[in-house]
Amino acid sequence: MKSTLKKLLPFAVVGILSGATTVGVQQYLVHDSNNGDQSYFTKSNNASFVGMNTATVGDDFVKASKMTVPAVVTIKNYQNRASSRASEQDLFDFFFGDPLGGKGQQRQKQQQAPENMPSGLGSGVIISPDGYIISNNHVVAGANKLEVVLSNKKSYIATLVGTDPNTDISLLKIEEKGLPYLNFANSDNIEVGQWVLAVGNPLGLNSTVTAGIISAKGRGIGILSGQGKATNPIESFIQTDAAINPGNSGGALVNVNGDLIGINSAISSTNGYYQGYGFAVPANLARKIIEDIKKFGIVQRGFLGVNSLDLSNDQQVAFYNQEKKTNIKPGSGVYIIGLPDNSGAQDAGMKIGDIITKIDGVNITDFADLSVAIGSKRPGDKVQVTYTRNGKETTSTVTLRDQKGGTSARTKADLSVTEKIGAEFQSLDDRTKAYYGLSSGVVAKNVVEGSEIAKAGIVDGYIITEINGKPVNSQKDVENLLNKFTGTGQIKYMDDYGRGYQRGFKMP
């Protein structure tokens, strides 16, 4: 008898635990919430912690989920298969890894999806009742059509309002009213250890909610500069252990009040799937980017005007010391190694060798801190920069400028031709002309991801021979031909193998 009881005891324990779990889940799911409207331009300052009482945690998770799920959408990216660029697939592989073990692009070429099938799936967050949606730049990159599907399965064709590769943020618009949407929280108030929810559409599983905590703040992981087309990347990610997988990109990271604290963007993974590390663009930075796009049509980016060395990066410091034969010590802060002409920092009296330690009284421990502190401001803004020189601390007021030295806002109308189409051009040397048998040509460089030139299939290094039927031999030729041109133009170019193409492009 005793032997029989011993055998049955484990099953009895499992039964008790299973019953307790079932009751707990039922209690977890029965709570309700009110979904109050908040303005798109309103941000909440009440980011708060979750109590450690388990009943309270469950209650808060249910409320936040009910508020968030209706405001998170699926975004389908449709591309012209013939002109889809390998670099865009590379970027997705870098964000999420290649689950095919490096054979993803090969299989993609062998098994092209039908024309009515999307090239990629991501997520987005509705941020206003009239249909503005925030997502990632890499979710919409290269698209010739973007479809938005709400949580209720209703579908819309979206207009791409604007993108910013430097922060991996994009803004879309659908024509609808009275939509559910999320309120921006003040992401500066979040703390490591705070409970968060990630909401998106991973792996084709719509309206998926996962929970975790904020694992770290201000993470710079090198992803935007490493594979993207970001010329001046701003990386100060919120790190979370809430499960994020392919398809979560552009989705919401929210606090337990259902307020938006970040836009999920990337994972760190060796196999392409979740391994415990997810990264989100902070809400304050994302909000500034979309406000710029909505108001000006382009992002207003302020620059301090310094070339810098991240003292917290021991390897970077060691490489610099080896190359320059210096003996800079690693530590905290950002070391100034150069001051370009027309620099706001130089005008404020800063010099090479100064170590930036604070911006507007906020500690700067590494380059990620500096990039978000300055990159979230506009040309003409003034900042208080605290720095040490020979062990003495000084604070100076610096007026931020744009890359051309200006201190006022610019709109699309103020952009140069090359800024509008998203590329620069270098004259072709006679030897290259002779090799390809060309009488004209310029080499594309610094092609901006998602630009009109990129949409035509052009990448860095391709040779452009004609625009609108006229030969081009310099960047000035390109600017003269397109300076007052509007509408759809024609461009002829050659790829790396000497193969010729003719494509259309839209002049913004």
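What's counted below: heavy atoms across the whole structure, side chains too, no hydrogens, waters or symmetry copies.
When side chains are defined from C-beta on, T68 counts as touching V72, because their heavy atoms get closer than 4.5 Å. Residues I467 and Q490 have side chains not in contact (no heavy-atom distance under 4.5 Å, counting atoms from C-beta outward). Using a 4.5 Å heavy-atom threshold, the side chains of R410 and I298 count as touching. The shortest side-chain heavy-atom distance between I169 and V281 falls under the 4.5 Å cut-off. Using a 4.5 Å heavy-atom cutoff, the side chains of K358 and V385 are not in contact. For the pair L179/L150, a side-chain contact is recorded, criterion being any heavy-atom separation below 4.5 Å from C-beta on. Taking the side chain as every heavy atom from C-beta outward, N363 and T357 never approach each other to under 4.5 Å. A 4.5 Å side-chain heavy-atom check between N446 and V448 finds every atom pair outside the cut-off.
For the residue pair S123 and N248, no side-chain donor N or O sits within less than 3.5 Å of a side-chain acceptor on the partner. Looking only at atom types and distance, the side chain of K506 has no donor-acceptor partner in the side chain of T488 under 3.5 Å away. Counted by atom type alone, Y156 and E176 present one or more donor-acceptor pairs between their side chains at under 3.5 Å. For the residue pair N183 / D259, a side-chain donor-acceptor distance below 3.5 Å is found, with atom types taken as modelled.
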Stepwise side chain to side chain donor-acceptor pair (under 3.5 Å) test for N201 and T74: CA-CA 6 Å; N201 305 288; T74 299; 3.2 Å; yes
Derivation of the side chain to side chain donor-acceptor pair (under 3.5 Å) call for Y277 and Q239: CA-CA 7 Å; Y277 306 98; Q239 182 180 325; 6.0 Å; no
Worked verdict on T395 versus Y387 for side chain to side chain donor-acceptor pair (under 3.5 Å): CA-CA 6 Å; T395 298; Y387 56 93; over 6 Å; no
Worked verdict on I356 versus T386 for side-chain contact (heavy atoms from CB on, under 4.5 Å): CA-CA 6 Å; I356 299 171; T386 302; over 6 Å; no
Trace of the side-chain contact (heavy atoms from CB on, under 4.5 Å) decision for T240 with L253: CA-CA 9 Å; T240 176; L253 188 71; 4.1 Å; yes
Salt bridge (charged side-chain N to carboxylate O under 4.0 Å, His left out) assessment of E479 paired with K420: CA-CA 10 Å; E479 291 172 348; K420 287 179 179 178; over 6 Å; no
Salt bridge (charged side-chain N to carboxylate O under 4.0 Å, His left out) assessment of D402 paired with R378: CA-CA 8 Å; D402 61 26; R378 300 180 174 98; over 6 Å; no
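A salt bridge does not link K412 to E419: none of the charged side-chain nitrogens sits closer than 4.0 Å to a carboxylate oxygen. In summary, D381 and R401 do not engage in a salt bridge, as defined by a charged side-chain N under 4.0 Å from a carboxylate O. Here K455 pairs with E452 in a salt bridge; the nearest charged N to carboxylate O distance falls below 4.0 Å.
Between the CZ atom of F279 and the OG atom of S236 there is a distance of 12.0 Å, given to the nearest 0.5 Å. Put simply, OG on S408 and CD on Q300 are 8.5 Å apart, with the number rounded to the nearest 0.5 Å. Taking CD1 from I421 and OG from S416, the interatomic distance works out to 8.5 Å, rounded to the nearest 0.5 Å. With rounding to the nearest 0.5 angstrom, the OH atom of Y132 is 12.0 Å from the CD1 atom of I174. The CD1 atom of I133 sits 6.0 Å away from atom CD1 of I75, with the distance rounded to the nearest 0.5 Å. Summarising the geometry, atom CG belonging to D164 is positioned 9.5 Å from atom CG belonging to L224; distances are rounded to the nearest 0.5 Å.
D369 pairs by the side-chain hydrogen bond (donor to acceptor under 3.5 Å, both in side chains) definition with T365, not counting sequence neighbours. Applying the side-chain hydrogen bond (donor to acceptor under 3.5 Å, both in side chains) criterion to D130, with sequence neighbours excluded, gives S128. Legend: residues meeting side-chain contact (heavy atoms from CB on, under 4.5 Å) with I157, ordered by chain and number and at least two apart, are K145, E147.
K217 NZ: more than 12 foreign heavy atoms inside a 6.0 Å radius.
In this structure, the side chain of E291 does not engage the main chain of K288 through any donor-acceptor pair within 3.5 Å. In terms of modelled atom types and a separation under 3.5 Å, the side chain of Q79 and the main chain of A141 share a donor-acceptor contact. Listed for the D360 side chain is a donor-acceptor partner under 3.5 Å among the backbone atoms of Q384. In this structure a side-chain-to-backbone donor-acceptor pair under 3.5 Å is missing from S371 to I234. S170 contributes no side-chain N or O that, together with a main-chain N or O of T163, makes up a donor-acceptor pair within less than 3.5 Å. A distance-only check finds a donor-acceptor pair linking the side chain of N255 to the backbone of G258 [under 3.5 Å]. D241 contributes no side-chain N or O that, together with a main-chain N or O of G212, makes up a donor-acceptor pair within less than 3.5 Å. Within the 3.5 Å criterion, the main-chain N or O of T411 finds a donor-acceptor partner in the side chain of D414.
Ring pair F505/F485 is tilted by interplanar angle, where 30° to 60° counts as tilted.
L182 approaches A71 most closely through the heavy-atom pair CG-CB, 3.7 Å. Between I238 and P282 the shortest heavy-atom distance is CD1-CA, 3.9 Å. Scanning both residues, I453 and A423, for their nearest heavy atoms gives CG2-CB, 4.2 Å. Smallest separation of non-hydrogen atoms from A348 and S396: O-OG, 3.5 Å.
For the side chain to side chain contact (heavy atoms under 4.5 Å, CB included) test with S265, the passing option among I221, N136, I244, V139 is N136; the others fail.
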